[in-house]
Protein chains: 4
Amino acid sequence: MNRNSHTGRQVLPLRERLKGETQRAILEAAEEVFGESGLSGARMEDIAGRAGVSVGTLYNHFKDRDALLKDLIVARREELLARLDAVLASTEKDGFGSQLEQFVRAVLEHFDSHKAFLAIILESEHMRAQELSGSRASRPNTALLEIRRRIEELLVRGRIVGMLRPEAAEMFPSFLMALLKGTLSRELSAPTDVPLASRAPALVLFFLHGAGA
Amino acid sequence: MNRNSHTGRQVLPLRERLKGETQRAILEAAEEVFGESGLSGARMEDIAGRAGVSVGTLYNHFKDRDALLKDLIVARREELLARLDAVLASTEKDGFGSQLEQFVRAVLEHFDSHKAFLAIILESEHMRAQELSGSRASRPNTALLEIRRRIEELLVRGRIVGMLRPEAAEMFPSFLMALLKGTLSRELSAPTDVPLASRAPALVLFFLHGAGA
Amino acid sequence: MNRNSHTGRQVLPLRERLKGETQRAILEAAEEVFGESGLSGARMEDIAGRAGVSVGTLYNHFKDRDALLKDLIVARREELLARLDAVLASTEKDGFGSQLEQFVRAVLEHFDSHKAFLAIILESEHMRAQELSGSRASRPNTALLEIRRRIEELLVRGRIVGMLRPEAAEMFPSFLMALLKGTLSRELSAPTDVPLASRAPALVLFFLHGAGA
Amino acid sequence: MNRNSHTGRQVLPLRERLKGETQRAILEAAEEVFGESGLSGARMEDIAGRAGVSVGTLYNHFKDRDALLKDLIVARREELLARLDAVLASTEKDGFGSQLEQFVRAVLEHFDSHKAFLAIILESEHMRAQELSGSRASRPNTALLEIRRRIEELLVRGRIVGMLRPEAAEMFPSFLMALLKGTLSRELSAPTDVPLASRAPALVLFFLHGAGA
DNA sequence: GATGAATGAGGCTTCATTCAT
DNA sequence: AATGAATGAAGCCTCATTCAT
């Protein structure tokens, strides 16, 4: 993500690839440590240790702690957004219901792979302005916003095809996001051994029809 | 012992009242500062400053930072739980739908009064084990558990009176909680000027019937 | 010690006597707390609590912590010095050996009554300059000096009557003091239930004849 | 692992040597500062300054203030005990008297090298339980105990060869320790410019024969 | 005089960051 | 590029002292 994003050629000399390895190792270690210790509890030394490098090396690859965290967040976000965009692109096939379920499943699978870290990130989305930088809360949490944008796009389609009712529709994206986050949240407070993704159908059913008899 | 000797009327001597005042002031200041700066960003000096006292005074009233935070959480929790219990107790009157809405409204009104702080608390519920104390790591967040317990009790009634369907019912409490938290979450990322409580009917409607047309 | 030292009359009005009571209680409490917690570990609040008064009261009777400690030290010192002077004054009666033993016994009895506190004081005699006040080490520990002065006086008599040999005599006072302090020190590290005073004969015997066969 | 690859000779790589240097510098500085300011008066910042490092560096080498002090105490103790054991081991040569004097001289020479610090340590031996850690309160001061153990061993030999009388023999170790401590104590309250070690013969003479004519 | 809540200077400790090797 | 010891700003907490009641 940092470098080499759209360099036309693709040689990637040895040194670059090794460097890439280290970076990936650091990011992975960082994900674990942030996931375990929380946004503020994670210590650079722990991350270095987990990645099998020295503290100094962290700073050879990332400007500072914030940059490391930001890059990590961005990396995970891009992974998820790419999947979501793929789902949205494959719109032709089936109906809205099917696409909605695929969307939900994509999110939940992402959660399955990054539970602890995402929990930290999603849950502290809005405190990031203060915690990450002292600046104003002006960067309004890109990751969640991007997800919401896609949810909105998806739900608009649902309304167009008449599968969603128009009243209170402006709350539906929030509700869907809430159900997704809630599913993760529940898993964290009371872990099960079924993958979250398996909850997709029930979640969609609830979203479409509620709990009523 | 040596108090209250000849004050015919006043139950609490001045000293005591002042002490209570100070404590309340500290808790209020702490709520603001924690809400603004986050669980780990809040500085004792800021809390003291906001409360109009000196740092030392914080420690005359609370053992340490953790104790202050814990007391604050407990205080807010008790306030909310008392309201919820009142709603649950008034069961006779109307039907399940009405009670559900009152319940939801109670939660949302509590959110309205303590937005920022509750956001911090609710969102970092599961990282509290590490952040608050290194001790009993997995005390699973009493506040949320207590709310969930009451939601479960409420929803059981709903099922008994036949207003909720039985399939996937074990997820409903999570879903309701998610919708509540999501409502708060949305308000924080995109503040409006309508009180959250006014969202109660829409939320209940969605919970009972979903987004489907 | 603070006041009323050499006022010719001796009326001591009621108020004065009550004040005296409180002061004595404070001093006693201070002795206990200093004895238990050490010179620097003793907290004013603990002393107040032990004395059954409030912190403020300590400051009504003593200028500050240092003054309280100093007054306490002086009080105990005067008690001991008075006894020692009495022994020295009763010189006529018996011989040097008997007087030496009385002297030793007087010191050990004083130790018996004030073990913990004296241990603290005696042992930190020379660090008091720094700890008590930031000043130079110019006040060379009056208490020990006063005792040594009397020991020197006593031992001079011993030499005069020919019971002490003259060689290395300048070390004898130090040695006698060391034996006294050592007796207390041993009691503290390995408490027995015989009073220290009962050790007087053995100590004197050792002082006069050593450990040799 | 990756050290010492092509340094034919140097056993310790530079880094390691520097680290050792720093640690020794810190311990030395700590000894001075503790010696000057007392057990509780010594400030980490002063120790750092004296050692020519920053505060943080202290914590790279020692867990906390207590650990630093403890390590320092242990270091000095081991130095002394090694010397004493050497004296005890060289038992064959001369008689008991000679060995006793060597023992005493070893202790006094150690005092000569570490006057101020040892004074602090020895004198506050029994308050260490409270001051050093709130923990295992009554670990009875290993350093003094170890010395006493060796003194006892030595004196047993003296009794076996008939150079010490048996009556009151259980007090002799305490007395010898007292004389040693007293010698240090005297030097501190009234410094001379002769080394304490030169007092060994007089001390032994006194121990064996007392002050009597 | 007694009270005890408030004060705030001062100490310990942590940890992100730097930089010489 | 990697290393890891050194740095020092910043936060928490203690406790002697004050002062309004």
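Below, read A as the first sequence line, B as the second, and so on, with proteins coming before strands; counting in each chain starts at 1. Here the structure is a predicted model, which is why all the values come from computation and not from measurement.
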**Student:** In whole Å, I'd like the distance from the CD1 atom of B:Ile26 to the C1' atom of E:dT7.
**Tutor:** 13 Å
**Student:** Among D:Glu45, D:Glu31, D:Glu36, D:Glu28, which residue meets the salt bridge (charged side-chain N to carboxylate O under 4.0 Å, His left out) test with D:Arg50?
**Tutor:** D:Glu36
**Student:** Calculate the interatomic distance between C:Arg43 atom CZ and F:dT17 atom P; express it in whole Å.
**Tutor:** 14 Å
**Student:** From the options E:dA2, F:dA6, E:dT13, select the nucleotide whose nearest atom is closest to the side chain of D:Asp64.
**Tutor:** E:dT13
**Student:** If I take atom CD in residue C:Glu45 and atom P in nucleotide F:dT18, what distance separates them, rounded to the nearest angstrom?
**Tutor:** 16 Å
**Student:** Any idea which of F:dA6, F:dG4, E:dT17 is nearest the A:Ser54 side chain?
**Tutor:** F:dG4
**Student:** Respond yes when some side-chain nitrogen or oxygen of B:Tyr59 is under 4.0 Å from OP1 or OP2 of F:dT14, and no when none is.
**Tutor:** no
**Student:** I need the CZ-P distance between A:Arg65 and E:dC15, as an integer number of Å.
**Tutor:** 10 Å
**Student:** When the distance from CD of B:Gln23 to C1' of E:dG4 is rounded to whole Å, what number comes out?
**Tutor:** 15 Å
**Student:** When you match C:Ala42 and A:Gly56 each to their closest nucleotide on DNA chain F, which lands nearer the 5' end?
**Tutor:** A:Gly56
**Student:** Checking base pairs now: Watson-Crick or wobble, both atom distances under 3.5 Å. What partners E:dG11?
**Tutor:** F:dC12
**Student:** Check whether any side-chain nitrogen or oxygen of D:Thr22 sits under 4.0 Å from OP1 or OP2 of F:dA6, and answer yes or no.
**Tutor:** yes
**Student:** Within this structure, what is the CD-to-P distance between B:Glu21 and E:dA6, rounded to whole angstrom?
**Tutor:** 11 Å
**Student:** Just checking C:Ala67: base, sugar-phosphate only, or nothing, at a heavy-atom cut-off of under 4.0 Å?
**Tutor:** nothing
**Student:** Pairing check on F:dT7: which nucleotide meets the Watson-Crick or G-U wobble criteria with it, both distances under 3.5 Å?
**Tutor:** E:dA16
**Student:** Establish, with yes or no, whether the OP1 or OP2 oxygen of F:dT7 is under 4.0 angstrom from a side-chain nitrogen or oxygen of D:Thr57.
**Tutor:** yes
**Student:** Given B:Phe62, which of B:Thr57, B:Leu27, B:Leu69, B:Leu72 fulfils the side chain to side chain contact (heavy atoms under 4.5 Å, CB included) condition?
**Tutor:** B:Leu27
**Student:** Check the phosphate of F:dA2 against A:His61, side-chain N and O only, distance under 4.0 Å to OP1 or OP2. Yes or no?
**Tutor:** yes
**Student:** Regarding D:Ala51, tell me which of base, sugar-phosphate or nothing describes its non-hydrogen contacts under 4.0 Å with the strands shown.
**Tutor:** nothing
**Student:** Send over the distance from B:Asp46 CG to F:dC12 P, rounded to a whole Å.
**Tutor:** 9 Å
**Student:** Among E:dA2, E:dA5, E:dC12, which is the nearest nucleotide to the side chain of C:Val55?
**Tutor:** E:dA5
**Student:** Would you mind classifying the nucleic acid contact of B:Ala48 as base, sugar-phosphate or nothing, using non-hydrogen atoms under 4.0 angstrom?
**Tutor:** nothing
**Student:** Just compare F:dC13, E:dG1, F:dT3 and give me whichever is closest to any side-chain atom of C:Asn60.
**Tutor:** E:dG1
**Student:** Which heavy atom in A:Thr22 sits nearest to a heavy atom in A:His61, and how many Å separate them?
**Tutor:** CG2-NE2, 3.6 Å
**Student:** Sort out the partner of F:dT21 for me: Watson-Crick or G-U wobble, both distances under 3.5 Å, none otherwise.
**Tutor:** E:dA2
**Student:** Give the rounded distance in Å between these two atoms: CE of B:Met44 and P of E:dG8.
**Tutor:** 16 Å
**Student:** Shortest non-hydrogen contact from C:Leu39 to C:Ile120?
**Tutor:** CD1-CG2, 3.5 Å
